[in-house]
Amino acid sequence: MSLNIYGQSLDSRLLIGSALYASPEIMKKSILASGSQVITLSLKRQNPSKQSGQQIWRYLQEIVQKVNGQLLPNTAGCKTAKEAVTLAKMSREIFQTNWLKLEVIGDDYNLQPDPIELLIAAEQLIKDGFNILPYCTDDLVLCQRLYDLGCEVIMPWASPIGTGKGLMNPYNLETIRLRLPQATLILDAGIGKPSDACLAMEMGYDGVLLNSAIALADNPVLMAKAFGQALQAGEQGYVAGIMAQRQTAHPSTPTLDTPFWHQNN
């Protein structure tokens, strides 16, 4: 099944970042190996108008064209709603897209989003025609408020950005999925290994966004491929219907109505 984000159908449920790679060439090979069609980038870090960002920008353009993909600019590094809104408008002008990963960071220690500033920025940007994908914590009430504002896609974290700690609060994430059945939920930040992504998909999440787990792997290209396969396995497991857990053991080969042959001693 395809993933639908703001009316665009995507074959892959993996959204991938373009930062931290050892070289633009490794970045390109990794993104292509992952099968992802949505690539995030930050105007602050990868401004194509600057010489340092021109090479990366050329690679990203090639990738997007090859996979029929979508750029997802983000407001990484912003700490206030005003700053995020300003950067969002600049990104839309430069990258020619209304899609935006909205980040408004409230704490430098764990890079936790500021919920108040995030809601303010989201409301302003939605009114201005942006298709918002807000990065937030696994707070149910915050996710509900973002959805009520008009965010069709919500991206709660698994754990703090870049930690690789995986799903710290599975109960919170499962509750968000249960309470927001119509929202498109994409797990963002803290993913460390393919099994983390698979677990999120088995919970019924619609996709996963990650960067560090691939870019910082010993073999980013191989890891990118592994994540792409993990998401497919998790989605198929969820659709197939995972068996309910049991408190007691049950034999996998029942004896009822099974023929037996007894040998006389």
Side-chain angles (χ1 to χ4, degrees), residues 1-6 10 12-17 36 38 40 72 101-104 106-107 110-115 118-119 122 132-214 226-250:
M1 296 175 62
S2 61
L3 171 64
N4 188 288
I5 296 182
Y6 288 110
L10 302 164
S12 173
R13 293 177 178 271
L14 176 60
L15 290 70
I16 192 170
S36 176
V38 179
T40 68
L72 179 59
K101 177 185 175 182
L102 179 60
E103 297 184 33
V104 186
D107 183 85
N110 64 359
L111 299 180
Q112 180 171 329
D114 183 321
L118 180 66
L119 287 169
I132 300 297
L133 290 82
Y135 160 64
C136 60
T137 58
D138 54 355
D139 182 296
L140 172 61
V141 175
L142 175 58
C143 290
Q144 288 175 320
R145 295 291 184 269
L146 288 166
Y147 186 69
D148 290 343
L149 280 177
C151 296
E152 296 179 12
V153 182
I154 301 169
M155 304 202 298
W157 71 2
S159 52
I161 296 175
T163 62
K165 290 183 176 295
L167 282 62
M168 291 197 310
N169 295 301
Y171 171 79
N172 288 11
L173 296 172
E174 289 176 339
T175 302
I176 293 169
R177 177 70 286 174
L178 177 66
R179 296 291 293 157
L180 296 175
Q182 302 304 317
T184 298
L185 297 180
I186 297 175
L187 198 65
D188 181 14
I191 294 293
K193 53 189 183 296
S195 57
D196 296 333
C198 185
L199 179 58
M201 300 304 293
E202 289 175 348
M203 287 182 177
Y205 272 66
D206 298 287
V208 171
L209 192 157
L210 57 89
N211 188 173
S212 302
I214 292 176
F227 268 105
Q229 294 171 339
L231 262 74
Q232 291 180 7
E235 180 199 6
Q236 290 173 2
Y238 176 75
V239 172
I242 298 171
M243 67 167 285
Q245 293 187 6
R246 296 166 170 174
Q247 189 63 31
T248 59
H250 291 256

- Applying side-chain hydrogen bond (donor to acceptor under 3.5 Å, both in side chains), name anything that partners Thr137, two or more places apart in sequence or on another chain. none

- Quick one: list whatever passes salt bridge (charged side-chain N to carboxylate O under 4.0 Å, His left out) with Glu235, sequence neighbours left out. Arg13

- Query: Mind checking whether Leu231 and Tyr205 have side chains closer than 4.5 Å, heavy atoms only?
  - Reply: no

- Item | Interatomic spacing from CG in Leu15 to CG in Leu210 - rounded to 0.5 Å | 9.0 Å

- Note on the structure: Across all chains, not counting sequence neighbours, the side-chain hydrogen bond (donor to acceptor under 3.5 Å, both in side chains) partners of Asn110 are Gln112

- Item | Reported CE-to-CG distance for the pair Met155 and Leu133, which is rounded to 0.5 angstrom | 5.0 Å

- In a check of side-chain contact (heavy atoms from CB on, under 4.5 Å) between Leu187 and each of Ile176, Leu199, Leu167, which one passes? Leu167

- Answer yes or no: is there a side-chain heavy-atom contact under 4.5 Å between Ile132 and Leu149? no

- Item | Residues which pass side-chain hydrogen bond (donor to acceptor under 3.5 Å, both in side chains) with Thr184, listed by chain and number, not counting sequence neighbours | none

- Distance, nearest 0.5 Å, that separates SG of Cys143 from CG of Leu173: 9.0 Å

- Message: Nearest 0.5 angstrom please: Thr40 OG1 to Asp188 CG, how far?
- Response: 8.5 Å

- Item | Rounded distance [0.5 Å steps], CG in Asp196 versus CD1 in Ile191 | 5.0 Å

- Query: Heavy-atom distance under 4.5 Å between the side chains of Leu209 and Leu72, does that happen here?
  - Reply: yes

- Message: Between Asp139 and Pro115, is there a side-chain heavy-atom distance shorter than 4.5 Å?
- Response: no

- Note on the structure: Closest non-hydrogen contact found for Tyr135 with Lys101 is CB-CE, 4.0 Å

- Task: Report the residues that fulfil salt bridge (charged side-chain N to carboxylate O under 4.0 Å, His left out) with Lys165, sequence neighbours left out, ordered by chain and then residue number.
- Result: none

- Note on the structure: Residues passing the salt bridge (charged side-chain N to carboxylate O under 4.0 Å, His left out) test with Asp206, sequence neighbours excluded, are Arg177

- For the student: nearest non-hydrogen atoms of Gln182 and Tyr147, plus distance: CB-OH, 3.3 Å

- Considering all heavy atoms, the nearest Ile154-Ala183 contact: CD1-CB, 4.5 Å

- Ser159 side chain to Gly166 main-chain N or O, any donor-acceptor pair under 3.5 Å? yes

- Inter-residue atom distance Phe227.CZ - Leu14.CG, 0.5 Å rounding: 8.0 Å

- Could you tell me which non-hydrogen atom of Pro194 sits nearest to which non-hydrogen atom of Ala226, and how far apart they are? CG-CB, 4.0 Å

- Item | Closest heavy-atom pair and its distance - Arg145, Leu119 | CB-CD2, 3.8 Å

- Are Leu140 and Asn172 side-chain neighbours, meaning at least one heavy-atom pair lies under 4.5 Å? no

- Message: Looking at every non-hydrogen atom in both residues, tell me the closest pair between Gly190 and Thr163 and how far apart they are.
- Response: CA-OG1, 4.1 Å

- Item | Check: Pro170 and Met203 side chains under 4.5 Å, non-hydrogen atoms | yes

- Backbone N/O of Tyr171 and side chain of Asn169: donor-acceptor pair under 3.5 Å: no

